[in-house]
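Hydrogens, waters and symmetry mates are skipped; everything else that's a heavy atom, side chains included, is used. Just so it is clear, the model here is predicted, and its values are computed rather than measured.
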Amino acid sequence: MARVVKVFGTLRNHWKKSTVAACALSYGGHWLYGKHCDNLLRKEACLVARQYGRQQISPQEQLRKATVILNPAACSGKANTLFEKNAAPILHLAGVEVTLVKTDYEGQAKKLMELMEQTDMLIVAGGDGTLQEVITGLLRRADQESFSKTPIGFIPLGSHNSLSESLHILSDNQVKHITSATLSILQGETVPLDVLQIKGEKEQPVFALIGLRWGAFRDVAATIKKYWYLGPLKTKAAHWFSTLREWPQVREASVSYLAPTLRPPDLPEQKSQRPHLMYRIAHRLKNYWYPPIPEPPKVEEPERWNERMLSTLELSIHTQNKNPVQTRIDDSLLVCVEPDSFSVGEFITVGEKKAEDATALTRKSLKLEASACQLNLPEEGAGFYNIDNEEYEAMSVEVTLLPRKLHFFCSAERREQLLTQVQ
């Protein structure tokens, strides 16, 4: 008992050191517990992957081949470690023959996609920038019609992973997020996603899965990191300081757009069987003796472009990939226009929402559905675009929707969640 009293007496006499030691031990214990939980998540995912690897295949059947495009610079240079610890073991245990390709500089993924050979699946390990480069390189290929049928998996390793919300179960735990995304690739379920083709007058087209954003809210969002020292107030501060520099921050532009097109039904691809030999001979003889009368050429109606002059704080053009399982009547992209009548307080409030979700709209927002649009900007002072969270110099462009162009792996759990949201 005397020894216990002596220990408490020492802690009381040296209370400053005792407090620091207690804080250090608490932090260390919490860190070790987090590492232990991460290891349990990895173990659980590897056990599931091993079940896929133990499935028997016929002697003539080959292992599935996957080409992984990894951006080691993503997530502040941690992407390579995150992939090797959380995703690579799952793919190997599942019996997937992995070809890993690492990018060395920005824009290299586009060039790599032009040279890549056919594979069973394509896996993008990185963030929004890496994904945008890969699909741009893929759709610039001469054989993109056949190559675009290759299923694509997305392992979220970047600072921005906008598409992950549509494909994977969201989690605050990074290890769980990565492992669940990798397991969804092994499940094999895919969803079709729309693609935006964005083409300037001189440049090659750029392709996007999320959309294009231009205006005051985009410009402020690019400066939020500068106010890191303000903690949770940095978003409000960035928007308030921007109003002190310039107000109102109105942009002038004109938009021409085509009406959306009807969406054809989702029918499974069926290979037509070759007719019987006797039927083919009879059909050829019939065409020889009684040639078919050619149909008169169809007169195509001219496209009806609707034009609107806009005065706005921000304009965005984005796909409807946020919920890819939703049944839609039309194939359309969304042109969203924010009004120029916001007060400073409304500008700050709306800016906070858009900093969390760039596709968030207000009650005053104008929303147009179109199959294609032309955005005409002033020649000087247009600023910059964000295309899938990547910065581009703003210019007049034509945006065309490529409906259901690519197929991405999606987890079954996330698909069910999205279906319940629709209902």
Side-chain angles (χ1 to χ4, degrees), residues 49 63-92 94 96-144 146-164 166-168 174 177-186 188 190-191 193 195-196 204-210 321 387-390 402 405-411:
L63 293 176
R64 289 181 296 172
K65 296 181 180 180
T67 301
V68 180
I69 306 296
L70 171 64
N71 178 13
C75 196
S76 303
K78 301 177 184 177
N80 188 56
T81 303
L82 290 172
F83 177 79
E84 293 294 341
K85 292 182 68 174
N86 303 304
I90 296 174
L91 296 174
H92 291 303
V96 179
E97 186 178 337
V98 178
T99 301
L100 181 61
V101 181
K102 298 181 182 180
T103 59
D104 297 324
Y105 55 87
E106 185 177 353
Q108 188 183 19
K110 298 177 187 177
K111 299 179 180 178
L112 291 173
M113 290 304 301
E114 295 176 2
L115 305 173
M116 197 180 81
E117 297 179 354
Q118 188 67 44
T119 181
D120 295 330
M121 66 181 80
L122 175 64
I123 300 175
V124 183
D128 287 346
T130 310
L131 185 60
Q132 194 255 338
E133 286 186 13
V134 168
I135 65 165
T136 297
L138 187 153
L139 295 177
R140 284 180 181 176
R141 293 173 60 110
D143 59 344
Q144 59 89 13
S146 60
F147 209 92
S148 60
K149 296 179 182 179
T150 304
I152 303 174
F154 178 50
I155 300 178
L157 301 179
S159 55
H160 293 94
N161 306 295
S162 304
L163 192 65
S164 187
S166 304
L167 303 175
H168 312 132
Q174 189 178 34
H177 196 187
I178 296 172
T179 53
S180 63
T182 310
L183 288 174
S184 69
I185 297 173
L186 303 181
T190 62
V191 291
L193 295 184
V195 179
L196 294 183
Q204 282 187 301
V206 175
F207 297 88
L209 290 165
I210 307 300
N321 289 336
I387 300 178
D388 282 4
N389 288 318
E390 290 296 300
L402 306 178
K405 185 66 177 177
L406 300 175
H407 289 76
F408 276 74
F409 290 107
C410 175
S411 69

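The side-chain hydrogen bond (donor to acceptor under 3.5 Å, both in side chains) pairs that include a residue from residues 72-91 are Arg42-Asn86, Asn80-Lys102, where partners are two or more places apart or lie in different chains. Judged as a salt bridge (Lys or Arg N to Asp or Glu O under 4.0 Å), the pairs with a partner in residues 119-144 (not counting sequence neighbours) are, in order, Arg141-Asp143.
Here the straight-line distance linking atom CG of Leu406 with atom CD1 of Ile152 works out to 4.5 Å at 0.5 Å rounding. Separation of atoms CG (Leu122) and CD1 (Ile185) is listed at 9.5 Å; rounding is to 0.5 Å. Considering CD1 of Ile123 and OG1 of Thr67, their distance stands at 8.5 Å, rounded to 0.5 Å. The line from CD1 of Ile135 to CG of Leu209 is 3.5 Å long, rounded to the nearest 0.5 Å. Considering CZ of Phe408 and CG of Leu193, their distance stands at 6.0 Å, rounded to 0.5 Å. Here the CG atom belonging to Leu183 is positioned 12.0 Å from the CD1 atom belonging to Ile178, to the nearest 0.5 angstrom.
Residues satisfying the side chain to side chain contact (heavy atoms under 4.5 Å, CB included) test with Thr190, not counting sequence neighbours, are Pro151, His407, Phe409. A search for side chain to side chain contact (heavy atoms under 4.5 Å, CB included) contacts involving Asn161 returns Phe154, Pro156, Ser164, not counting sequence neighbours. Thr182 pairs by the side chain to side chain donor-acceptor pair (under 3.5 Å) definition with nothing, not counting sequence neighbours. Contacts of Lys405 classified as salt bridge (charged side-chain N to carboxylate O under 4.0 Å, His left out), with partners at least two apart in sequence or in another chain: Glu145.
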From CA spacing to verdict: side-chain contact (heavy atoms from CB on, under 4.5 Å), Asn389, Gln132: CA-CA 9 Å; Asn389 288 318; Gln132 194 255 338; over 6 Å; no
Do Thr99 and Thr119 pass the side-chain contact (heavy atoms from CB on, under 4.5 Å) test, and can you show the C-alpha distance, the side-chain angles, and the key distance before you say yes or no? CA-CA 10 Å; Thr99 301; Thr119 181; over 6 Å; no
Please lay out, stage by stage, how Leu82 and Ile155 fare under the test side-chain contact (heavy atoms from CB on, under 4.5 Å). CA-CA 10 Å; Leu82 290 172; Ile155 300 178; over 6 Å; no
Could you check Ser184 against Leu167 for side-chain contact (heavy atoms from CB on, under 4.5 Å), going step by step and ending with a plain yes or no? CA-CA 9 Å; Ser184 69; Leu167 303 175; over 6 Å; no
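Here the shortest heavy-atom pairing between Asn71 and Ala79 reads O-CB, 3.2 Å. Closest heavy-atom contact between Cys75 and Gln174: SG-NE2, 3.9 Å. Residues Thr150 and Met121 share a closest heavy-atom pair of CG2-CA, 3.9 Å. Of all non-hydrogen atoms in Leu186 and Ala49, the two that sit nearest each other are CD1-CB, 4.0 Å. Taking each heavy atom of Ser166 and Asn321 in turn, the nearest pair found is OG-O, 2.8 Å. Heavy-atom minimum distance, Val134 versus Met113: O-CG, 3.5 Å.
When side chains are defined from C-beta on, Lys110 does not count as touching Gln204, because their heavy atoms never get closer than 4.5 Å.
Within 6.0 Å of CD on Gln108 lie more than 12 heavy atoms contributed by other residues, nucleotides or ligands.
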